[in-house]
**Q** 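Submitted below is the structure of interest, expressed as structure tokens.
Order of the sequence lines sets the chain letters (A, B, ...), proteins ahead of strands, with each chain counted from 1. Since the structure is predicted, the reported quantities are computational estimates derived from the model, not experimental observations. Note: hydrogens, waters and symmetry copies are ignored here, and every other heavy atom, side chains too, is used.
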Number of protein chains: 2
Amino acid sequence: MRGAAALAALEAARKPARYLPPGAIVYHQEEPDDVAFNLISGWAMLTQSLPDGRRQVLRFLLPGAVFGPTPQGQALHGSAAEALTPAVLCVIPREGMTALRRHWPEFDDRLMWCIERDAELAAGLLTSIGQRTAIERVAYLLVELAMRALRRFPLRNGDTVALPLTQTVIAEATGLTAVHVNRMLRELRQRQVAIFLQRRLTVLDAAALLALASLPPELPALWTGTSPFSFA
Amino acid sequence: MRGAAALAALEAARKPARYLPPGAIVYHQEEPDDVAFNLISGWAMLTQSLPDGRRQVLRFLLPGAVFGPTPQGQALHGSAAEALTPAVLCVIPREGMTALRRHWPEFDDRLMWCIERDAELAAGLLTSIGQRTAIERVAYLLVELAMRALRRFPLRNGDTVALPLTQTVIAEATGLTAVHVNRMLRELRQRQVAIFLQRRLTVLDAAALLALASLPPELPALWTGTSPFSFA
DNA sequence: CGGTTCATTGATCGTGGTCAACTCGAGTGG
DNA sequence: CCACTCGAGTTGACCACGATCAATGAACCG
């Protein structure tokens, strides 16, 4: 809370909020870009598609996420954004962003923090897909999203979280097929590690799940941490 | 070139440059962080390792790259940086970065541009590893690095570039094994698409190579483009 | 020289993809 | 009210892409 003036400036810069149903597209890949979004509530995801239709989930967006702006001077989005649940977005034109950054250093710091954090999230996913086996990838994704949703580390036995993902989406995020994701979820269930059914995750054996995810030690803090900048 | 004053400020903020031989580690994963680096000359890479030693290349750094700063408030690096060639680094402490950002908006813009661009590079790699087959991944990586090194699109038949990569490094960047990378390079050679030997790439059939890489249309501009901000 | 590291190739194996069939709801329209 | 579709999930059978294991050669270097 850096004061009423800052908040007023933000209010002045933003356009009306957007309300989206699940599955709605915020923007398409290759669409021209000139606004930034702030996810107020709900979940969303960024995806990148190849010309032949194969699709990769780049990252999942939880409330508070900032997304949309492309490197300035680049005209087109390199990814698409899609709502996973009913979602509310705050929309800020690029000029508004620039003005806010210039006048409110804390806003600028926070924005940069968000972007750097998102890069680290993507890095973790990259390592997961490049180096882990199928069951490890699924375990990693479930752990990441559970911790981000719960904002807590470590996970405890019995923890339950709603994760608004279909098995197809998990497949697109892990680089597996939906069929194989199904098999891996069944295995986690049969091994009494975790249950993911009807878009709810229940952790049965947190230690086993974390062992499968084999996290680098610095990631949990990143997932559960909040911005050190209090603006907005 | 935003003027002598800005350059002088940068000079004042930076520490002595670092000169590194190939293979030198700039910083380790989980090392505390409080400086940013600017790669003056040479190539380097960022990697992330799992507890059991598996390693993923997150991105390749070419001259001009900015790297090192972690999201503020996070103590530890989530990745390691390693020189691939003899390299010269400009070292700027975090306080210096903050001061420069505050006083020179163009510096701030350029920094944010670099970070956003790097995120897009990582996104492309993520899609590649998640969705492409082995030979496509190798083709994609070669195309990306060739275009970034040449700063030109499209590639032409006969183009030759030095890429300071061992097959092991290509393997770590593509999520394949070094043995399989070797087979894919042989196949590219036998199919008369491209030759990669002794760390030099020669493009024989640019159209075929690009078809294998199946690039989303917005990426080439990103690879060959330079920052719209002229500071420093 | 022995000792690296890097590249190369063959043989074999297994993880994960592909194909196919089926269930189970939640719409939707006759 | 029931047939119909559509998407999500489930399971089995089969196969192939890429991993693994192993051996060898070339270049470089103390």
**Q** Need one value for Arg183(A): base, sugar-phosphate or nothing, where a base atom within 4.0 Å counts as base even if backbone is also close, heavy atoms only.
**A** base
**Q** For residues Trp223(A) and Phe60(A), establish whether the separation of their ring centroids is below 6.0 Å.
**A** no
**Q** Which nucleotide in the list dC21(D), dA8(D), dG18(D) gets nearest to the side chain of Val179(B)?
**A** dC21(D)
**Q** Quickly work out the Leu84(A) CG to dA8(D) P distance and round it to whole Å.
**A** 12 Å
**Q** So, OP1 or OP2 of dT11(D): does either fall under 4.0 Å of a side-chain N or O from Arg186(A)?
**A** yes
**Q** Considering every strand and a 4.0 Å limit on heavy-atom distances, what is the contact class for Leu197(A): base, sugar-phosphate, or nothing?
**A** sugar-phosphate
**Q** How close or far is atom C1' of dG16(C) from atom CD1 of Ile135(A), stated in whole angstroms?
**A** 12 Å
**Q** Would you say the side chain of Arg137(A) and the base of dG16(C) hold a donor-acceptor pair, judged only by whether the two atoms sit under 3.5 Å apart?
**A** no
**Q** Starting from P on dT10(D), measure out to CG on Leu188(A) and report it in whole angstrom.
**A** 13 Å
**Q** Which class fits the ring pair Phe37(A) and Tyr27(A): parallel under 30°, tilted 30 to 60°, perpendicular over 60°?
**A** parallel
**Q** Kindly say if Asn182(B) contacts the phosphate of dA7(C), meaning a side-chain N or O under 4.0 Å from OP1 or OP2.
**A** no
**Q** Check the distance between dG18(D)'s P and Leu185(B)'s CG and give it to me in whole angstrom.
**A** 14 Å
**Q** Starting from P on dC17(D), measure out to NE2 on His180(A) and report it in whole angstrom.
**A** 17 Å
**Q** What nucleotide, of dG18(D), dC6(C), dA8(D), holds the atom closest to the side chain of Ala134(B)?
**A** dG18(D)
**Q** Between Glu172(B) (CD) and dA19(D) (P), how many Å, whole number?
**A** 13 Å
**Q** Counting side-chain heavy atoms from CB outward, which of dT10(D), dG17(C), dG9(D) is closest to Leu176(A)?
**A** dG17(C)
**Q** Drop me the distance from Leu46(A)'s CG to Leu61(A)'s CG, to the nearest 0.5 angstrom.
**A** 4.5 Å
**Q** Just how far, in rounded Å, is C1' of dG25(D) from CD of Gln167(B)?
**A** 14 Å
**Q** Students often get this wrong, so: under 4.0 angstrom with heavy atoms, is Thr177(B) touching a base, only sugar-phosphate, or nothing?
**A** base
**Q** Give one of base, sugar-phosphate or nothing for Gly175(B), where a contact means two heavy atoms less than 4.0 Å apart.
**A** sugar-phosphate
**Q** To the nearest Å, give me how far apart CD (Glu187(B)) and P (dG10(C)) are.
**A** 14 Å
**Q** Of Glu218(B), Gln131(B), Glu120(B), which meets side chain to side chain contact (heavy atoms under 4.5 Å, CB included) against Gln48(A)?
**A** Glu218(B)
**Q** Can you see if the side chain of Gln198(B) gets near the phosphate of dA27(D) - specifically, an N or O under 4.0 Å from OP1 or OP2?
**A** no
**Q** Under the salt bridge (Lys or Arg N to Asp or Glu O under 4.0 Å) criterion, do Arg148(A) and Glu144(A) qualify, and how do the steps go?
**A** CA-CA 6 Å; Arg148(A) 287 175 63 192; Glu144(A) 175 193 329; 2.9 Å; yes
